[in-house]
Amino acid sequence: MEVDLNKTNLHYYIKTYDDVLPNNVLSSLTNIVKNHYVFKQACVAAEKDNALFNVVDTSIRNVEQVSLQTFNESSLTSVHWCNFMLNQFRQKFNTYISTVDPKGFTYRIESLDLLKYKPGGFYKFHTDHGTVVPRTLSAIYLINDDYEGGNLIFGIPGSDQILKIERVKNRMIVWPSNFLYPHTVEPIIKGTRYSMVSWAL
């Protein structure tokens with residue numbers, strides 16, 4: 001059997017998709033994100049005895065969050081944007097799977113969160129898969145790029161090698177959630193970084 005050497009490179013499995021939304025839709029989303037939602041300090045997930053604990057630890061993760069799937073159902077704005085963006089993530093997960101694994105596999109989307117990184121905000125190196133929440137794929141959608149810092153950086157285990165994803169608004173990045181893909185969000189130097197994150201189980 002012939003081996004595709006490109007597919008033996010871990011970076012091959014980190015995919016970027018640009019121009020996810022039409023410009024007018026992105027403009028509407030940006031306006032809603034900045035003016036409609038009330039953000040709260042995000043938690044860090046910790047597993048112990050087959051249970052998941054959510055704790056606030058700003059020395060590990062300093063970012064504010066809104067879970068878009070626990071919205072006030074009386075807000076049709078929240079319902080609309082949650083369903084609309086879930087569909088965008090689903091489309092990119094499907095595209096990703098068809099690219100890296102033509103045999104495909106089934107999945108379900110675990111959650112959809114909106115994140116706000118203010119100056120000084122960051123998330124230390126971590127991976128997204130765990131025994132309690134066994135995520136398969138991770139995705140980040142970058143809503144804006146008018147800030148400094150806040151780069152998404154991937155590390156390669158056992159190596160000093162890193163991969164920095166260029167900051168581009170309206171870009172979605174998809175990658176495997178497992179231990180081979182530790183990643184970090186570098187501290188924000190200036191401005192505010194808005195993004196959405198989701199995972200496939």
Side-chain angles (χ1 to χ4, degrees), residues 10 13-17 20-21 29 32-33 36-57 60-73 75 77-101 103-117 121-143 152-154 165 170-185 193-201:
L10 290 176
Y13 295 96
I14 302 170
K15 303 292 186 186
T16 58
Y17 304 96
V20 172
L21 301 179
L29 173 63
I32 290 294
V33 164
H36 182 76
Y37 294 101
V38 177
F39 290 82
K40 296 183 179 179
Q41 188 66 45
C43 295
V44 177
E47 296 182 3
K48 183 178 179 183
D49 299 327
N50 292 322
L52 190 65
F53 297 90
N54 289 314
V55 295
V56 172
D57 187 340
I60 296 173
R61 186 185 192 201
N62 186 10
V63 60
E64 295 178 353
Q65 171 183 346
V66 174
S67 177
L68 294 182
Q69 290 180 295
T70 57
F71 46 72
N72 178 353
E73 293 185 10
S75 170
T77 298
S78 295
V79 172
H80 165 77
W81 284 108
C82 177
N83 288 332
F84 180 79
M85 290 308 298
L86 278 172
N87 188 52
Q88 303 306 311
F89 277 90
R90 189 174 292 109
Q91 287 179 24
K92 292 301 180 272
F93 282 142
N94 289 343
T95 299
Y96 180 92
I97 291 167
S98 67
T99 301
V100 303
D101 184 7
K103 296 184 293 294
F105 57 87
T106 58
Y107 69 91
R108 68 176 175 84
I109 292 181
E110 178 213 353
S111 61
L112 178 63
D113 295 337
L114 178 60
L115 302 179
K116 179 180 181 180
Y117 286 85
F122 65 91
Y123 197 169
K124 287 189 174 179
F125 269 106
H126 65 284
T127 56
D128 295 332
H129 176 85
T131 55
V132 176
V133 184
R135 294 165 172 161
T136 301
L137 295 176
S138 300
I140 293 177
Y141 173 64
L142 302 177
I143 296 172
L152 174 64
I153 305 285
F154 288 89
I165 303 299
N170 207 14
R171 165 176 281 181
M172 190 176 292
I173 307 102
V174 181
W175 70 92
S177 303
N178 65 50
F179 71 98
L180 293 173
Y181 293 88
H183 53 283
T184 183
V185 175
R193 178 190 194 264
Y194 292 98
S195 60
M196 287 188 186
V197 293
S198 187
W199 301 271
L201 299 180

Assess the residue pair I97 and L137 against the criterion (side chain to side chain contact (heavy atoms under 4.5 Å, CB included)); give the C-alpha distance rounded to whole Å, side-chain angles, the decisive distance to 0.1 Å, and a yes or no. CA-CA 9 Å; I97 291 167; L137 295 176; 3.9 Å; yes

If you measure from CZ on R90 to OG1 on T95, what distance do you get to the nearest 0.5 Å? 12.5 Å

Answer whether the closest heavy-atom distance between the side chains of Y37 and W81 falls below 4.5 Å. yes

Listed partners of N94 passing side chain to side chain donor-acceptor pair (under 3.5 Å), at least two apart: Y107

Would you please name every residue forming a side chain to side chain donor-acceptor pair (under 3.5 Å) with Y117, sequence neighbours left out? none

Work out which heavy atom in V56 is nearest to a heavy atom in C43; give both atom names and the distance. CG2-SG, 4.0 Å

Counterpart residues, salt bridge (Lys or Arg N to Asp or Glu O under 4.0 Å), relative to R61 (two or more places apart): none

Please indicate whether F179 has more than 12 foreign heavy atoms, meaning atoms of other residues, nucleotides or ligands, lying under 6.0 Å from its CZ. no

The reported gap from CG in D57 to NZ in K124 (rounded to nearest 0.5 angstrom) is 8.0 Å

Residue list, side chain to side chain donor-acceptor pair (under 3.5 Å) with T136, at least two apart or on another chain: none

Residues I109 and S198: closest non-hydrogen pair is CG2-OG, 3.2 Å

Tell me if a side-chain donor or acceptor on N170 pairs with a main-chain N or O of L21 at a distance below 3.5 Å. yes

If we ignore hydrogens and angles and just use 3.5 Å, is the side chain of S195 paired with the main-chain N or O of I143 as donor and acceptor? no

Atom CZ of R108 and atom CG of L201: how far apart are they, to the nearest 0.5 Å? 4.5 Å

Verify side chain to side chain contact (heavy atoms under 4.5 Å, CB included) between Y181 and S138, making sure each step is shown before the conclusion. CA-CA 10 Å; Y181 293 88; S138 300; over 6 Å; no

For the residue pair L114 and M85, establish whether any side-chain heavy-atom pair is separated by less than 4.5 Å. no

Side-chain heavy-atom pair Y141, Q88 within 4.5 angstrom cut-off: no

Counting C-beta onward and ignoring hydrogens, is there a side-chain heavy-atom pair between V44 and H126 closer than 4.5 Å? no

Any donor and acceptor pair, going by atom type alone, linking the side chain of Q41 with main-chain N or O of V63 inside 3.5 Å? yes

Measuring from atom CG of D113 to atom CZ of F39, what distance do you get when rounded to the nearest 0.5 angstrom? 10.5 Å

Given Y96 and K92, is the side chain to side chain contact (heavy atoms under 4.5 Å, CB included) satisfied, shown in steps? CA-CA 6 Å; Y96 180 92; K92 292 301 180 272; over 6 Å; no

Ignoring hydrogens, what is the shortest heavy-atom contact between A42 and Q65? Give both atom names and the distance. CB-OE1, 3.1 Å

Just to verify, which of D128, I153, I14 counts as forming a side chain to side chain contact (heavy atoms under 4.5 Å, CB included) with H183? D128

Not counting sequence neighbours, which residues clear ring pair (Phe, Tyr, Trp, His ring centres under 6.0 Å) with W199? List them please. none

Shortest non-hydrogen contact from S177 toward R135: CB-O, 3.4 Å

Test side chain to side chain donor-acceptor pair (under 3.5 Å) applied to H36 - qualifying residues, sequence neighbours left out: S75, S78

CD1-CG distance between I165 and L142, expressed to the nearest 0.5 angstrom: 9.5 Å

For Y17 and V174, what are the C-alpha separation, side-chain angles and deciding distance, and is it a side chain to side chain contact (heavy atoms under 4.5 Å, CB included)? CA-CA 8 Å; Y17 304 96; V174 181; 3.9 Å; yes

Spatial distance of atom CE (M196) from atom CD1 (I140) [nearest 0.5 Å]: 13.0 Å

